[in-house]
Amino acid sequence: PMADPFLYDTGERSHYGCNGHEVQIEYLKAYVCRPSSVTDKAVIVVHDELGWRFPDIRYIVDLMAGHGYITICPDFFKGTEPWKSTDHWADFSDWLKAHDPMKVDKEADVVLKYLKEQCGAKKIGIVGFSWGGMAVHHLMLKNPQLTAGVSLYGRIVRDSEERYSLLNPTFFIFGEKDHTISLDQIFLLEDKLKQYCKVPYKIKVYPGQVHGFAQLQPEDTKPDDKPYIEEARRDMIDWIKMFI
């Protein structure tokens, strides 16, 4: 297990008044926000370990919808408890075993079916943060229905060459000061993608940024970090817009 928590400071959070609504899709609950115009483009947002109700994640869903995408954040924890900032760090590895970010295929399929059949989506992208970043990396290796992906500070799992044969364009965003993901790991990821990846990919490291930086709501953001947070979000949206 890692020596110290990689969760960003969840501290006091601004209350967030959401623009979307909750729906039930088969056995999953989900938060959905639709853009003001009709579209056949959609984005799945994969929450971090703090779950689908966390205000920062809902802010991101609404942000993507504001850019013209039907945006959905399903509860990938299927009604089980998300990690809480009050939980004991020593228990995190057990919690993670019960919430494996590589075991999201079935849920992704349920959501893809809903987006296609109920929302008329033809092109679908995916973005994920931390736990969700790991899930996105996994899904971009497994699910050809996802046209493009953005993985934000998902811990890098080194297991085999199979980790690098991405099916569609994927962008990896990292913070320079993320103490759960070393720069060495990021350089290795880059090397391996150069060797094995046949589709467009991009890796970018944002100076001075810690784990969780890109999903902070504006009113919770420190002035020094603001330009990097805004840049990361712009980059994420630009990547999606380029392919979807």
Side-chain angles (χ1 to χ4, degrees), residues 14-48 51-78 104-129 132-133 135-136 138-140 142-152 166-171 173 199-202 214-219 229-244:
S14 304
H15 174 72
Y16 181 66
C18 302
N19 302 334
H21 63 283
E22 293 184 5
V23 294
Q24 183 79 38
I25 309 168
E26 294 183 29
Y27 64 96
L28 291 176
K29 282 193 162 68
Y31 173 68
V32 182
C33 190
R34 285 176 175 265
S36 48
S37 51
V38 174
T39 182
D40 61 1
K41 298 174 173 190
V43 172
I44 299 167
V45 174
V46 191
H47 55 72
D48 61 15
W52 73 297
R53 288 202 164 99
F54 197 58
D56 294 7
I57 264 316
R58 299 215 163 175
Y59 170 76
I60 294 289
V61 172
D62 292 0
L63 180 76
M64 293 297 317
H67 282 272
Y69 297 93
I70 301 158
T71 312
I72 185 165
C73 177
D75 175 12
F76 279 95
F77 298 161
K78 301 171 287 212
V104 288
D105 303 87
K106 189 170 168 231
E107 288 68 50
D109 283 339
V110 166
V111 175
L112 283 161
K113 182 170 180 252
Y114 168 80
L115 287 171
K116 287 177 174 176
E117 293 178 5
Q118 307 296 315
C119 307
K122 298 212 167 36
K123 285 183 96 173
I124 301 168
I126 189 165
V127 301
F129 299 79
V136 166
H138 168 79
L139 287 166
M140 292 310 292
K142 299 287 179 206
N143 198 318
Q145 297 180 77
L146 296 162
T147 307
V150 185
S151 168
L152 295 96
L166 298 162
L167 299 174
N168 279 314
T170 308
F171 179 23
I173 286 177
V199 297
Y201 66 87
K202 183 175 171 184
Q215 68 226 65
L216 280 171
Q217 295 176 57
E219 52 274 35
I229 292 171
E230 288 176 351
E231 185 185 347
R233 286 214 267 264
R234 261 198 321 275
D235 290 345
M236 168 183 83
I237 289 159
D238 287 348
W239 186 262
I240 292 294
K241 283 188 169 166
M242 196 169 7
F243 299 104
I244 295 169

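A donor-acceptor distance shorter than 3.5 angstrom exists from the side chain of Arg233 to the backbone of Ala214, with no hydrogens or angles considered. A distance-only check finds no donor-acceptor pair linking the side chain of Asp75 to the backbone of Leu28 [under 3.5 Å]. Between the side chain of Arg58 and the main chain of Trp52, a donor-acceptor pair closer than 3.5 Å is present. Within the 3.5 Å criterion, the main-chain N or O of Asn168 finds a donor-acceptor partner in the side chain of Thr170.
Distance check, rounded to the nearest 0.5 Å: CD1 of Ile44 to OG1 of Thr71 gives 10.5 Å. Taken from CG in Asp48 to CZ in Phe76, the straight-line distance is 12.5 Å, to the nearest 0.5 Å. Leu216 CG to Ile229 CD1: the interatomic distance, rounded to the nearest 0.5 Å, is 5.0 Å. Between atom SG of residue Cys33 and atom CD1 of residue Ile60 there is a gap of 12.5 Å, rounded to the nearest 0.5 Å. Rounded to the nearest 0.5 Å, atoms OG1 (Thr147) and NZ (Lys41) are 10.0 Å apart.
In this structure, the side chains of Glu107 and Lys78 come closer than 4.5 Å at one or more pairs of heavy atoms. Considering only heavy atoms from C-beta on, Phe129 comes within 4.5 Å of Val45 through its side chain. Looking only at side-chain heavy atoms (C-beta outward), Val23 and Lys29 stay at 4.5 Å or farther from each other. Side chains of Ile72 and Leu115 form a contact here, defined as non-hydrogen atoms less than 4.5 Å apart. No side-chain heavy atom of Leu152 sits less than 4.5 Å from a side-chain heavy atom of Val136. Using a 4.5 Å heavy-atom threshold, the side chains of Thr39 and Ile70 count as touching.
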For this session: Step by step, work out the side-chain contact (heavy atoms from CB on, under 4.5 Å) result for Cys119 and Tyr114.
Result: CA-CA 7 Å; Cys119 307; Tyr114 168 80; 3.6 Å; yes

For this session: Test side-chain contact (heavy atoms from CB on, under 4.5 Å) on Val43 and Ile124 and set out the steps.
Result: CA-CA 5 Å; Val43 172; Ile124 301 168; over 6 Å; no

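Under the 3.5 Å distance criterion, with hydrogens and angles disregarded, no donor-acceptor pair is assigned to the side chains of His138 and Asn143. For the residue pair Asn19 and Tyr59, no side-chain donor N or O sits within less than 3.5 Å of a side-chain acceptor on the partner. A donor-acceptor contact closer than 3.5 angstrom links the side chains of Lys116 and Gln145.
Closest of all the heavy-atom pairs between Ala232 and Ile173 is O-CD1, 3.8 Å. Pairing each heavy atom of Gly120 with each of Asp40, the nearest pair is O-CB, 3.4 Å. Residue Met140 comes nearest to Ala148 through the heavy atom pair CE-C, 3.7 Å, listed as atom of the first residue, atom of the second, then distance. Here the closest non-hydrogen pair linking Leu166 and Val199 is O-CG2, 3.6 Å. Shortest non-hydrogen contact noted between Leu139 and Ala108 is CD2-CB, 3.8 Å.
Ring to ring, His47 and Phe77 are close: their centroids are under 6.0 angstrom apart.
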Name the atoms and distances for all side-chain donor-acceptor pairs under 3.5 Å in residues 234-244, with sequence neighbours left out.
{"residue": "Asp235", "atom": "OD2", "partner": "Lys204", "partner atom": "NZ", "Å": "2.7"}
{"residue": "Asp235", "atom": "OD2", "partner": "Tyr206", "partner atom": "OH", "Å": "2.6"}
{"residue": "Trp239", "atom": "NE1", "partner": "Gly149", "partner atom": "O", "Å": "3.3"}
{"residue": "Lys241", "atom": "NZ", "partner": "His67", "partner atom": "ND1", "Å": "3.0"}

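Using a 4.0 Å cut-off between a side-chain N of Lys or Arg and a carboxylate O of Asp or Glu, Lys106 and Glu26 do not qualify as a salt bridge.
In this view, Tyr69 satisfies the ring-ring contact (aromatic ring centres under 6.0 Å, His included) rule with no residue, not counting sequence neighbours.
None of Val111, Val61, Val127 except one satisfies the side-chain contact (heavy atoms from CB on, under 4.5 Å) rule with Cys73; the exception is Val61.
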